[in-house]
Amino acid sequence: MDAVLTALADPARWRLVSLLAERPRSVGVLAQLAKARQPQTTKHLQTLERAGIVTSQRTGQRRIYALQPALLRELAATLSRLADTADQFGGARETYDRYGVSLHTERLAADESGWADGRSFRFLRSLRGRPELVWRHLTEASLLAGWWTPDDLRVSELVFEARPGGRIVQEYRDAEDVDRSDLVAGRAEGVVDDVRPNERLAYRLSPLLPDGGLAFTAHVDLGLRPTDTGTDLDVHWRITDSTVESADFIAGIEIGFGQSLDKLAATLAAHDTVDTVGADPETRSTK
């Protein structure tokens, strides 16, 4: 397929393919219609033939070229599959487009310091697992690292001291940046305000700008309530100290943290499934 794409990338060869799509033609006629010299046209046709796009046969003194439609249909099918993958509902491209809309809106609104102060976001999730298990995933760094980023990112550095006044550091990179050669996708620093095990966790977290300054401060309050099936998690975000440069960060809060909580829910559901499968029949029936 690489040879096909390379052959079709040249405008002169693409013109010849278009002419041959109408009907088989000789080299001389193709050169005339393409308004090119015959030696150049011959070289282009040879390239197309090596790639399998055209075929030729000699008839008397003339060489006639014809298009091979099967290869073009294969290419079209491949391109169509790629487009369908990028366009699939709920996929990464949809998230990219949603963020783009939000980014445009927030950049227009960010006209002065403090522009987003007082803005709030709320997230609700019904989670599998008792509050004790959910609490561990909210406060233990090794468990936090498994879910505390959007889908296309991964935690590269994490400190979470689950005590009042405890330090928070969160750094993340692209999920596919395995050798850490790409730029850091983001870094945030903060402090824990309130810790009530299995009930409430509150902290402040500030994303850092490229110059090291704070983009804004997020006041995050997480409440846990036990239910018959697990735990209801109620998360409130409140923005203060917003700078003009914070627009790009604030545009991604709803999408990004929502994805993170979805990852937490999936992690806890998987944990619950493992526990249920591994339990004996009597324990499983009463779980």
Side-chain angles (χ1 to χ4, degrees), residues 1-108 110 149-154 172-186 210 245 247-249 251-252 255-256 259:
M1 196 61 69
D2 288 347
V4 174
L5 292 172
T6 299
L8 293 175
D10 186 283
R13 291 195 285 270
W14 182 255
R15 172 62 174 153
L16 294 175
V17 168
S18 300
L19 291 168
L20 290 173
E22 299 172 356
R23 68 175 180 86
R25 287 181 160 115
S26 68
V27 178
V29 170
L30 287 168
Q32 293 176 38
L33 294 174
K35 297 180 180 179
R37 294 191 305 169
Q38 188 162 321
Q40 292 176 321
T41 301
T42 298
K43 289 182 179 180
H44 285 314
L45 289 168
Q46 289 171 345
T47 298
L48 292 169
E49 189 165 19
R50 284 194 297 269
I53 300 169
V54 303
T55 186
S56 69
Q57 61 185 19
R58 182 169 292 282
T59 303
Q61 299 299 314
R62 304 163 70 218
R63 181 167 289 278
I64 307 299
Y65 282 86
L67 193 63
Q68 297 274 54
L71 193 59
L72 295 182
R73 289 196 180 95
E74 182 182 341
L75 174 59
T78 300
L79 294 175
S80 181
R81 286 194 297 271
L82 290 174
D84 289 343
T85 299
D87 201 34
Q88 63 184 328
F89 180 76
R93 177 62 201 222
E94 182 184 352
T95 300
Y96 175 86
D97 290 339
R98 285 175 55 206
Y99 177 66
V101 172
S102 179
L103 188 62
H104 177 71
T105 301
E106 302 296 5
R107 284 177 175 175
L108 287 177
T149 59
D151 291 342
D152 58 345
L153 301 173
R154 64 176 178 84
Y172 42 95
R173 293 176 175 270
D174 191 288
E176 297 176 329
D177 178 25
V178 294
D179 63 0
R180 301 169 71 95
S181 61
D182 197 11
L183 297 175
V184 171
E245 296 85 355
D248 292 12
F249 298 91
I255 296 172
Q259 287 185 345

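Only this structure's heavy atoms are used, side chains among them; waters, hydrogens and symmetry mates stay out.
In this structure, CZ on R93 lies 13.5 Å from OG1 on T85, to the nearest 0.5 angstrom. Rounding to the nearest 0.5 Å places CZ of R73 at 14.0 Å from OG1 of T78. Rounding to the nearest 0.5 angstrom, the gap separating the OG atom in S181 from the CZ atom in R173 is 8.5 Å. Interatomic distance, I255 CD1 to Y96 OH, rounded to the nearest 0.5 Å: 12.5 Å.
With R154 contributing its side chain and D177 its backbone, the two residues share a donor-acceptor pair below 3.5 Å. Side-chain N or O atoms of D97 include none that pairs as donor or acceptor with a backbone N or O of V101 at under 3.5 Å.
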| said: Could you go through E106 and D248, starting from their C-alpha distance and side-chain angles, then the distance that decides it, and tell me whether this counts as side chain to side chain contact (heavy atoms under 4.5 Å, CB included)? | reply: CA-CA 7 Å; E106 302 296 5; D248 292 12; over 6 Å; no
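Of all heavy-atom pairs spanning T149 and Y172, the tightest one is CG2-CB, 3.9 Å. Residues S102 and A251 come closest through the heavy atom pair OG-O, 2.9 Å.
For the side-chain contact (heavy atoms from CB on, under 4.5 Å) with V4, the lone residue among D2, T6, L8 that qualifies is L8.
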Atom pairs and distances, side-chain donor-acceptor, residues 44-60, under 3.5 Å, sequence neighbours left out:
residue	atom	partner	partner atom	Å
H44	ND1	R13	NH1	3.3
T47	OG1	K43	O	3.1
T47	OG1	R50	NH2	3.3
E49	OE1	S56	OG	3.3
E49	OE2	S56	N	3.3
E49	OE2	S56	OG	3.0
S56	OG	R63	NH1	3.0
R58	NH1	Q61	O	3.4

Let me have the donor-acceptor pairs involving side chains of residues 27-42, under 3.5 Å, with sequence neighbours excluded, atom names and distances please.
residue	atom	partner	partner atom	Å
T41	OG1	R37	O	3.0
T42	OG1	Q38	O	3.0

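Here P150 pairs with D152, L153, Q259, S260 under the side chain to side chain contact (heavy atoms under 4.5 Å, CB included) rule; sequence neighbours left out.
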